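By convention in this document, chain letters (A, B, ...) are assigned in the order of the sequence lines, proteins followed by strands, and residues within each chain are numbered from 1. Quantities reported herein were computed from a predicted structural model and do not represent experimental measurements.
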Protein chains: 2
Amino acid sequence: MSEKVTIATVARHARVSRQTVSNVLNTPHIVREETRQRVQEAIATLGYRVSQAARQMRTGRSRLLAVRIEPTRDGINGSVLDRFLHGLTETAEVAGYRVMLYTADDTAREIAAYEDLLSAYDLDGFVLTGTDHGDPRTAWLAEREVAFVAFGRPWDDLTAHPWVDVDGAAGTARATAHLLARGHRRIGFLGWPAGSGVGDDRRAGWRDALREAGIDPAGLDRAVEDGIAEGEWSMRDLLDADEPPTAVVCASDSLALGALQAVRAADPAVAVIGFDDTPVAAATGLTSVSQPLGEAAARCVDLLTAVLDGDQQSPEPVLLQPSLVLRHTA
Amino acid sequence: MSEKVTIATVARHARVSRQTVSNVLNTPHIVREETRQRVQEAIATLGYRVSQAARQMRTGRSRLLAVRIEPTRDGINGSVLDRFLHGLTETAEVAGYRVMLYTADDTAREIAAYEDLLSAYDLDGFVLTGTDHGDPRTAWLAEREVAFVAFGRPWDDLTAHPWVDVDGAAGTARATAHLLARGHRRIGFLGWPAGSGVGDDRRAGWRDALREAGIDPAGLDRAVEDGIAEGEWSMRDLLDADEPPTAVVCASDSLALGALQAVRAADPAVAVIGFDDTPVAAATGLTSVSQPLGEAAARCVDLLTAVLDGDQQSPEPVLLQPSLVLRHTA
DNA sequence: TATCCGAATTGGATCGTTCAAGATGGCGAG
DNA sequence: CTCGCCATCTTGAACGATCCAATTCGGATA
């Protein structure tokens, strides 16, 4: 509308100095109650907002967080990111931060993106997703003392950096327990080849749950790449065994969906449980393990702001429990 | 590493003044070739980057675009946003802009978010998705002369503001034509209640395609809210008619998925085509109309930067053609 | 009454960039 | 030879916030 409202406008209006207004905003406790209120009122009536650019220039902090938005490899699992992003943005807003996106095709480019974001935009922190064994990104960031949180455990060293994750083993264990309770004994597992932290973890949850129930898991699982087709043929393979399973837990909804197709053709009574509770699962009535993505995002922001606001250097990691969403397939 | 590299560091290193460095960056044509190269070299060796905060403070422009990330209403259609966002971020990066996210539960809050983003972050422009008839957001933005593009037509006045959209009518027409070519004559349509621009458009495409083929569309369509259950019972209703359709075109993958369930129970030969080519469609083998989201995003950025860089006040809107992704269901 | 204290407030400098205006030097026209 | 012009480059000021050091002021103490 009219003139630009700066801290000086507010100061004049409240008959105090610029510094007092600044104190009201940043260190309210050192300002007398009465003065503080007068300033607050002026801020409200004038509709004043701190110029982030000016503040940033002086303090070197931008109140900006960055997340990489991935090239949606697999359409099914890609939609997980969607919910995570929303949660992140929402929680960040409450904490006074904003979320900025960036893309990167490979790790080298991603590090180049860090350099740009840090030096040009003075980014405060990063949220990483899908960190790997010995991830060069975390090393790079740690070396430069840039604040970051990973959504996903650093599998080699759990204290390497702050992280938030969902307990995948607990998820598959829960799914297995559900099937056991339903009377199933021969419960199979469709997962990925050994070596990926996430995949091994999910397989372990199933295996341990079976063993605990006194059942030998040997021969009841298969390891394939992720995908619907892979799920279908490996399930068919499983069903062709001497003693085929009467139920199967899968490491992803993609695999589960494939398994479902094999099951429909062979023996529709076989129960199937997926992982991630993607829209596809909801749409097809697939029972699936659901990750609390909104909460995961919120905790990521919590950890990051804890570091940024100097409360603590390395806040306690967070391991969230998934839940089982029951639908028609189990 | 060492000291912070500012424009002054570069100037000293290249033995020119600050302003000359600034000119190299912003108005290279007024700098002598030889000097320009020397400055460019200095920039490269020192790894200098413009401080966006300082630039923003002086110019009032932030090179930041904002997009709202929605609360993922329907999981199925929600994942469309994912792909769009990725395209947006990627194209924006090339044009020297960054994408910032925000959330808002309703229109009033969204406008409040505009105020904050504009005054606190000096946002340059907005990308709106899902604009409605007489959308208060577009009015608000237009009144304040804030740059924005909508992904989705302003249905009441096509010249109201810059927009990018996908030709939904062409999509359903293409789907219908495909079915006609396959020999189908009684082709039904499952769509939404009249009143939504997008829905009416998609219905019109089907209707006109049928008429053009000399077929009366009367009685062959249903109008229901979006959803799998709705799709299922309205399809069942359609199949119960005297002369049931042998194929059906749907306004969304959700409806199509419901229709598919009804079809499987009644007459598996009936062909079904969805809309949006969501991951669910890919996973379930549903033939669907696919929107070029990546390109749509890119064109949004193009339009927005055209306005921002002052090339033109109101650039020509863009209408993109969807394509038909053939799978098993048609 | 003089002195001191600390809480509250003030004015000036500063962050890194761009804008506006001024300086320099070469060259051709009068 | 001088003037003006153009192209090129330089200098000082400003954007709006925060930090720092200095100052005011009411009240407690000697």
Can a side-chain donor-acceptor contact be found between A/R55 and A/N26 if the only test is distance below 3.5 angstrom?
yes
Look at B/T35 and D/dC9 and indicate whether a side-chain polar atom (N or O) is within less than 4.0 Å of OP1 or OP2.
yes
Atom-pair distance (CG on B/L25; C1' on C/dT18), nearest Å
11 Å
In terms of heavy-atom contacts, B/I111 and B/P136 come closest through CD1-O, 4.1 Å
Rounding to a whole Å, what distance do you find between A/H29:NE2 and C/dA8:C1'?
13 Å
Using the ring-ring contact (aromatic ring centres under 6.0 Å, His included) rule, take B/Y114 and B/W140 through it: C-alpha gap first, then chi angles, then the decisive distance, then the call.
CA-CA 9 Å; B/Y114 294 159; B/W140 193 93; 5.7 Å; yes
Side chain to side chain contact (heavy atoms under 4.5 Å, CB included) test vs A/Y97 passes for just one of A/L88, A/T305, A/L64, A/T91, namely A/T305
How long is the line joining CZ of A/R61 and C1' of D/dA17, in whole Å?
15 Å
What nitrogen or oxygen pairs link the protein and nucleotides 11-17 of chain C at under 3.5 Å?
| residue | atom | partner | partner atom | Å |
| --- | --- | --- | --- | --- |
| C/dG12 | N7 | A/R18 | NH2 | 3.2 |
| C/dG12 | O6 | A/R18 | NH2 | 2.7 |
| C/dT14 | O2 | A/R58 | NH1 | 2.9 |
| C/dT17 | OP1 | B/Y48 | OH | 2.5 |
| C/dT17 | OP1 | B/S51 | N | 3.3 |
| C/dT17 | OP2 | B/I7 | N | 2.4 |

May I have the distance from A/R38 (atom CZ) to C/dA8 (atom P), rounded to whole angstrom?
13 Å
Will you find, in the side chains of A/Q37 and A/E33, an N or O donor that is under 3.5 Å from an N or O acceptor?
yes
What is the distance from CD1 of B/I30 to C1' of D/dC9, rounded to the nearest Å?
9 Å
Step by step, work out the side-chain contact (heavy atoms from CB on, under 4.5 Å) result for A/I7 and A/Y48.
CA-CA 8 Å; A/I7 207 171; A/Y48 165 77; 3.9 Å; yes
Rounded off to whole Å, could you give me the CZ-to-C1' distance for the A/R15 and C/dT10 pair?
16 Å
Please state how far atom CZ in A/R36 lies from atom P in C/dT9, giving the value in whole angstrom units.
12 Å
Please state how far atom CD in A/Q56 lies from atom C1' in D/dC19, giving the value in whole angstrom units.
17 Å
Name the pairs: protein N/O against N/O of nucleotides 25-27 of chain D, kept only if under 3.5 Å.
none

Please answer whether the main-chain N or O of B/V164 pairs with a side-chain N or O of B/R299 as donor and acceptor at a distance below 3.5 Å.
no
With a cut-off of under 6.0 Å to the ring centre and 45° to the axis, is B/R68 in cation-pi contact with B/Y102?
no
Report the C-alpha distance between A/Q52 and A/R63 in whole Å, list the side-chain angles of each, state the deciding distance to 0.1 Å, and finish with yes or no for side-chain contact (heavy atoms from CB on, under 4.5 Å).
CA-CA 8 Å; A/Q52 293 294 339; A/R63 302 200 76 86; 4.2 Å; yes
